[in-house]
**Q** 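Just passing along the structure, written as structure tokens.
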Protein chains: 2
Amino acid sequence: MKQIIVKKGHILQRKGDLSSKVYHVRRGLLRSYQIDEKGKEHIFMFGPEGWIVADSNSGDEPCELYIDALEDTTLIVTDKNITTEVVDPSPLIKRMGVLQKRILMLMSASAYHRYEHFIHTYPDILQRVPQKMIASYLGITPEALSKVKGEHARDRS
Amino acid sequence: MKQIIVKKGHILQRKGDLSSKVYHVRRGLLRSYQIDEKGKEHIFMFGPEGWIVADSNSGDEPCELYIDALEDTTLIVTDKNITTEVVDPSPLIKRMGVLQKRILMLMSASAYHRYEHFIHTYPDILQRVPQKMIASYLGITPEALSKVKGEHARDRS
DNA sequence: CTTCTTTCTTAATCTAGATTAATGCGCAAG
DNA sequence: CTTGCGCATTAATCTAGATTAAGAAAGAAG
């Protein structure tokens with residue numbers, strides 16, 4: 001368990017790496033993402049203060065996700081394999097709740113509703129990252145997000 | 001920790017319930033699903049032998065998901081709050097890996113590719129549930145799945 | 001301040017998948 | 001056997017969001 005500081009833009013993990021690291025964010029902002037066959041980025045998760053960021057690959061398989069820093073970030077690095085420490089299940093439960101909600105949103109909600117849910121759930125992140133990353137997280141294009149934002153602003157007035 | 005048997009069609013949990021039960025499937029098949037505002041079902045997860053099915057709501061909040069039995073099912077019921085037993089984190093890690101994959105598929109893959117991934121990953125479930133449930137799991141309509149199946153069969157010949 | 005690069009917006013077109021509707025097929029119940 | 005209902009298929013339309021393209025705005029770099 002060591003604490004490190006990474007600069008904005010630093011890549012902590014790439015697809016294919018054999019890392020089994022878990023990153024606990026103390027200050028700053030990480031993101032984990034995939035790059036598909038067409039070279040398009042899809043953000044899996046933002047990791048602001050207090051969050052845990054990791055690839056859920058089982059043990060010794062290569063990573064699926066890239067992880068990098070969107071801001072200068074202070075974090076604690078641990079390893080999944082080292083289970084000497086007692087694992088507190090509550091952050092895992094919370095994380096699963098977030099993933100469950102995300103899946104249900106992707107399956108049943110429109111871009112408009114996903115955006116609305118996002119700004120209510122993560123109002124701070126909205127201010128800290130470019131629109132195109134919000135779009136990537138929501139599973140839509142930046143162009144579509146731009147349109148949705150317009151509709152949303154109109155509805156609020 | 002008690003073992004129970006439920007008949008096909010039995011509903012174990014409804015949205016809004018204050019249950020914090022965890023179902024470990026020994027034999028049979030469960031599913032968890034959501035019903036959206038328009039009354040449409042969206043299957044969150046199938047739970048065949050060896051799987052754990054539960055709503056990832058944190059502690060005392062009401063459930064989001066319905067859970068029912070698609071076959072006569074034998075299962076072990078435990079409670080999330082009772083942490084007297086030591087929790088084995090490995091099923092949780094595996095579960096998170098599945099959820100991660102699911103999110104990335106929903107964000108980046110076409111109906112065709114999601115179907116292909118499904119039949120390779122869960123070939124047995126394909127035989128055990130009606131097409132409309134596969135469609136619901138994939139996040140498409142039964143009509144769209146019918147078309148995709150046709151294309152897939154054509155490609156294989 | 002000026003230039004370069006990245007981000008955001010707007011608009012025109014295109015397409016995967018939704019919706020609607022009609023038909024046929026099991027299969028369980030009487 | 002036959003009636004009825006849930007399921008699957010096919011086809012015609014429709015639409016949310018993708019793609020493409022082109023400018024405007026806003027940072028970063030010198």
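All figures in this text were calculated on a predicted structure; none of them were measured in a lab. Lettering of chains follows the sequences in order, A, B, ..., and the numbering in each one begins at 1.
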**Q** Do side-chain atoms of B:D17 reach the backbone of B:C63 as a donor and acceptor pair under 3.5 angstrom?
**A** no
**Q** Can you confirm whether more than 12 heavy atoms, excluding those of A:R14, are under 6.0 Å from its CZ atom?
**A** no
**Q** Enter the distance from A:I35:CD1 to A:L65:CG here, rounded to the nearest 0.5 Å.
**A** 10.5 Å
**Q** If you check the B:E143 side chain, which of D:dA21, C:dC8, C:dT19 turns out closest?
**A** C:dT19
**Q** When rounded to the nearest 0.5 angstrom, what is the spacing between CD1 in B:I103 and CE in A:M107?
**A** 10.5 Å
**Q** A:T141 side chain N/O closer than 4.0 Å to the phosphate oxygens (OP1, OP2) of D:dG17?
**A** no
**Q** Ignoring hydrogens and geometry beyond distance, is a side-chain donor-acceptor pair present between A:N57 and B:Q100 at under 3.5 Å?
**A** no
**Q** Where along residues 131-139 of chain B does a heavy atom come under 4.0 Å from DNA chain D, residue by residue in number order?
**A** B:Q131, B:K132
**Q** Report for the helix from C:dT9-D:dA22 to C:dG30-D:dC1: angle between first-end and last-end helix axes, five pairs each, rounded to 10 degrees.
**A** 40°
**Q** Between A:K149 (NZ) and C:dT9 (C1'), how many Å, whole number?
**A** 9 Å
**Q** Cation-pi check, B:R114 to B:Y137: give yes when NZ or CZ is under 6.0 Å from the six-membered ring centre and within 45° of the ring axis, no otherwise.
**A** no
**Q** Linking Ile, Leu, Val, Met, Phe, Trp and Tyr by side-chain heavy atoms under 4.5 Å, what else ends up with A:L30?
**A** A:I4, A:V6, A:L12, A:Y23, A:V25, A:V53, A:I67, A:L75, A:V77
**Q** If you round to the nearest 0.5 Å, how far is CD of A:E41 from OH of A:Y66?
**A** 9.5 Å
**Q** Mind checking the CE-CZ spacing from B:M133 to B:R31? Nearest 0.5 Å is all I need.
**A** 4.0 Å
**Q** Judged by atom type as modelled, is there a donor-acceptor pair below 3.5 Å linking the side chain of B:E64 to the main-chain atoms of B:Q34?
**A** no
**Q** Within residues 106-116 of chain B, which residues have any heavy atom lying less than 4.0 Å from an atom of DNA chain D?
**A** none
**Q** Measure from CD1 on B:I140 to C1' on D:dG17 and round the result to the nearest Å.
**A** 17 Å
**Q** Measuring to OP1 and OP2 of C:dT19, would you say a side-chain N or O of B:K38 lies under 4.0 angstrom away?
**A** no
**Q** Would you mind telling me which of C:dG17, C:dT20, C:dC8 lies closest to the side-chain atoms of B:K147?
**A** C:dG17
**Q** Taking atom P of D:dT9 as reference, at what distance in whole Å does atom NE2 of B:H152 sit?
**A** 14 Å
**Q** Out of the candidates B:T78, B:D55, B:D79, only one should pair with B:S20 under the side-chain hydrogen bond (donor to acceptor under 3.5 Å, both in side chains) rule; please name it.
**A** B:D79
**Q** Between the main-chain N or O of B:F44 and the side-chain N or O of B:R102, is there a donor-acceptor pair closer than 3.5 Å?
**A** yes
**Q** So if I take every side-chain heavy atom of A:A144 and compare against C:dT10, C:dA18, D:dA18, which nucleotide ends up nearest?
**A** D:dA18
**Q** Base, sugar-phosphate, or nothing for B:P142, non-hydrogen atoms under 4.0 angstrom?
**A** nothing
**Q** Along nucleotides 25-30 of chain D, 5' to 3', which nucleotides get a B, which get an S, and which get a -, given that the test is a protein heavy-atom distance under 4.0 Å?
**A** ------
**Q** Can you confirm whether B:R27 is buried at CZ, in the sense that more than 12 heavy atoms of other residues, nucleotides or ligands lie under 6.0 Å from that atom?
**A** no
**Q** Using a side-chain heavy atom cutoff under 4.5 Å and only I, L, V, M, F, W and Y, what cluster partners does A:I5 have?
**A** none
